[in-house]
Novice: 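Right, I'll just put the structure down here and ask away after.
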Amino acid sequence: MQDLYQNLHQLINFRHTLTNEPRPMDFHQHQDQYEIYFFLTGDVHYFIEKQVYHLQYGDLLIMHSNELHRPNFQSKKQRYENCVIHFNPALLANLNSSQFDLLHCFNNRKFGEQNRMRLNPQQIDDFLKIFERMELYTRPQALPGSDILFVAAFTELLVFINRIFLNQGKQEDQVMIPDKLSSLFTYIDENLDQDLSLEVLEHVVFMNRSYLCRLFKKHTGSTIHEHILFKRINKAKQLLREGSTVTDTCQLAGFNDYSNFIRTFKKAVGLPPRQYQAQQRRG
């Protein structure tokens, strides 16, 4: 437990953000971290794997480390406010009880589904009170023992979220993604090592490539190429962590040109593949 308190704010990182000009964000995941996202204001369509949610005040999103996501802002100038917590799930090993799993809502659902919980007014108020206490315990003038109270408040928040998740059951999310795009996401996920050119994809979903690109951009805020590239880089990182050679990784992740793979991977990750693999082994 002492390691927890020595690295507390690396293991549990939270922020309250308010801006009138939100910057566009790329597709992203958080390796070895889970995310709790609480929406307050803005006009945002939030993409998670194969679904898009039109957010409203008090919506709570949960994402584990492998779920691809990004906010798609509907206007460049808008009041955008949220509360976000990123945390390392490993720290909860000593906080779970035999009757209650604090990671249940993250791990016990289908990949890319049931990410959103729609809170009622009382639940919104309860969430904000817990979050405010977490902020209070991290202020420079916080009293001794505030680090312990911070962990207690975070644990309380996870209990709170899991109770909502368990009580709501499996609900049909009112998502905005067209069936054609859902089929496209599935095909891409299952064929990363194959040809995913627009010529191929338009025949997969029986849709003109120009219209397909516009539809994809409208609902995700990004391009098909960017989506495929991120997925392939993420697949490459997974393969390298599992011990694949750089050459095999290049092929299995769908990069036909070895030199291009090295350049693209380094640009996206910040390290060439071999160095990334060595770093993961040391870590």
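Since we're looking at a predicted model, the values are computed, not measured.
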Novice: Honestly, is Arg70 close enough over Phe47, meaning NZ or CZ under 6.0 Å from the six-membered ring centre and within 45° of the axis?
Specialist: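 No, Arg70 does not sit over the ring of Phe47.
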Novice: With a 3.5 Å distance limit and no angle check, can you tell me whether Asn7 reaches the backbone of Gln10 through a side-chain donor-acceptor pair?
Specialist: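 Not confirmed, Asn7 side chain does not pair with Gln10 backbone.
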Novice: In terms of relative ring orientation, are His45 and His54 parallel, tilted or perpendicular, with 30° and 60° separating the classes?
Specialist: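 Taking His54 first and then His45, their aromatic rings stand perpendicular (interplane angle over 60°).
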Novice: For Tyr34 and His64, take the angle between the two ring planes, folded into 0 to 90°, and tell me which bin it lands in: parallel under 30, tilted 30 to 60, perpendicular over 60.
Specialist: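 The rings of Tyr34 and His64 sit tilted, inter-plane angle from 30° to 60°.
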Novice: Can you pull out every salt bridge (Lys or Arg N to Asp or Glu O under 4.0 Å) where at least one residue sits in residues 31-47? Sequence neighbours excluded, please.
Specialist: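 Counting only pairs at least two positions apart or across chains, no salt bridge (Lys or Arg N to Asp or Glu O under 4.0 Å) contact touches residues 31-47.
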Novice: Is the closest basic N to carboxylate O distance between Glu81 and Arg79 below 4.0 Å?
Specialist: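 Yes, charged N to carboxylate O under 4.0 Å.
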Novice: Side chains of Gln238 and Glu242 only: does a donor on one sit below 3.5 Å from an acceptor on the other?
Specialist: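 Yes, side-chain donor-acceptor contact under 3.5 Å.
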Novice: Going by side-chain hydrogen bond (donor to acceptor under 3.5 Å, both in side chains), name the residues that satisfy it together with Asn260, two or more places apart in sequence or in a different chain.
Specialist: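 Partners of Asn260 by the side-chain hydrogen bond (donor to acceptor under 3.5 Å, both in side chains) criterion, ordered by chain and then number, come out as Thr264.
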Novice: With sequence neighbours excluded, tell me which residues meet ring-ring contact (aromatic ring centres under 6.0 Å, His included) with Phe127.
Specialist: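 Partners of Phe127 by the ring-ring contact (aromatic ring centres under 6.0 Å, His included) criterion, ordered by chain and then number, come out as Phe38.
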Novice: Who clusters with Val269? Use side-chain heavy atoms, under 4.5 angstrom, across I, L, V, M, F, W and Y, and order the result by chain and number.
Specialist: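 Hydrophobic cluster check, Val269: joined to Leu229, Ile233, Leu240, Val246, Phe255, Tyr258, Phe261, Ile262, Phe265, Leu271, Tyr276.
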Novice: Could you list the residues that satisfy side-chain hydrogen bond (donor to acceptor under 3.5 Å, both in side chains) with Asp193, not counting sequence neighbours?
Specialist: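 With sequence neighbours excluded, Asp193 shows a side-chain hydrogen bond (donor to acceptor under 3.5 Å, both in side chains) to no residue whatsoever.
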Novice: Output all residues satisfying side-chain hydrogen bond (donor to acceptor under 3.5 Å, both in side chains) with Asn108, sequence neighbours left out; order by chain, then residue number.
Specialist: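 Applying side-chain hydrogen bond (donor to acceptor under 3.5 Å, both in side chains) to Asn108 gives His104.
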Novice: Give the other cluster members for Leu239, using side-chain heavy-atom distances under 4.5 Å between Ile, Leu, Val, Met, Phe, Trp and Tyr residues; answer none if it is isolated.
Specialist: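 For the cluster that includes Leu239, the remaining residues are Leu252.
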Novice: Counting only N and O atoms by type, is there a donor-acceptor contact under 3.5 Å from the side chain of Arg116 to the main-chain atoms of Leu60?
Specialist: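 No, the answer is negative, given that no donor and acceptor are paired below the 3.5 Å cut-off.
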Novice: Just list the side-chain donor-acceptor pairs under 3.5 Å for residues 148-166, sequence neighbours left out, or say none.
Specialist:
unit_1	atom_1	unit_2	atom_2	d
Thr155	OG1	Val151	O	2.8
Glu156	OE1	Arg133	NH1	3.2
Glu156	OE1	Arg133	NH2	2.9
Glu156	OE2	Arg133	NH2	3.2
Asn162	OD1	Cys105	N	2.9
Asn162	ND2	Leu102	O	2.8
Asn162	ND2	Leu158	O	2.8

Novice: Going by the rule side-chain contact (heavy atoms from CB on, under 4.5 Å), which residues pair with Thr186 if we only count those two or more places apart in sequence or in a different chain?
Specialist: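 side-chain contact (heavy atoms from CB on, under 4.5 Å) check on Thr186 returns Lys50, Glu190.
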Novice: Using a strict cut-off of less than 4.0 Å between a Lys/Arg side-chain nitrogen and an Asp/Glu carboxylate oxygen, indicate whether Lys231 and Glu49 qualify as a salt bridge.
Specialist: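 Yes.
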Novice: Check salt bridge (Lys or Arg N to Asp or Glu O under 4.0 Å) between Glu67 and all other residues, then give those that pass, not counting sequence neighbours.
Specialist: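 By the salt bridge (Lys or Arg N to Asp or Glu O under 4.0 Å) rule, Glu67 matches Arg109.
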Novice: Considering residues at least two apart in sequence or located in another chain, which fulfil the side-chain hydrogen bond (donor to acceptor under 3.5 Å, both in side chains) criterion with Asn66?
Specialist: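 Counting only residues at least two positions away or on another chain, Asn66 forms no side-chain hydrogen bond (donor to acceptor under 3.5 Å, both in side chains).
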Novice: Return the set of residues passing ring-ring contact (aromatic ring centres under 6.0 Å, His included) with Tyr37 (not counting sequence neighbours), or none when no residue passes.
Specialist: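 By the ring-ring contact (aromatic ring centres under 6.0 Å, His included) rule, Tyr37 matches Tyr46.
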Novice: Quick check: closest heavy atoms across Cys83 and His16, and the distance to 0.1 Å?
Specialist: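 That closest heavy-atom pairing would be SG-CD2, 4.0 Å.
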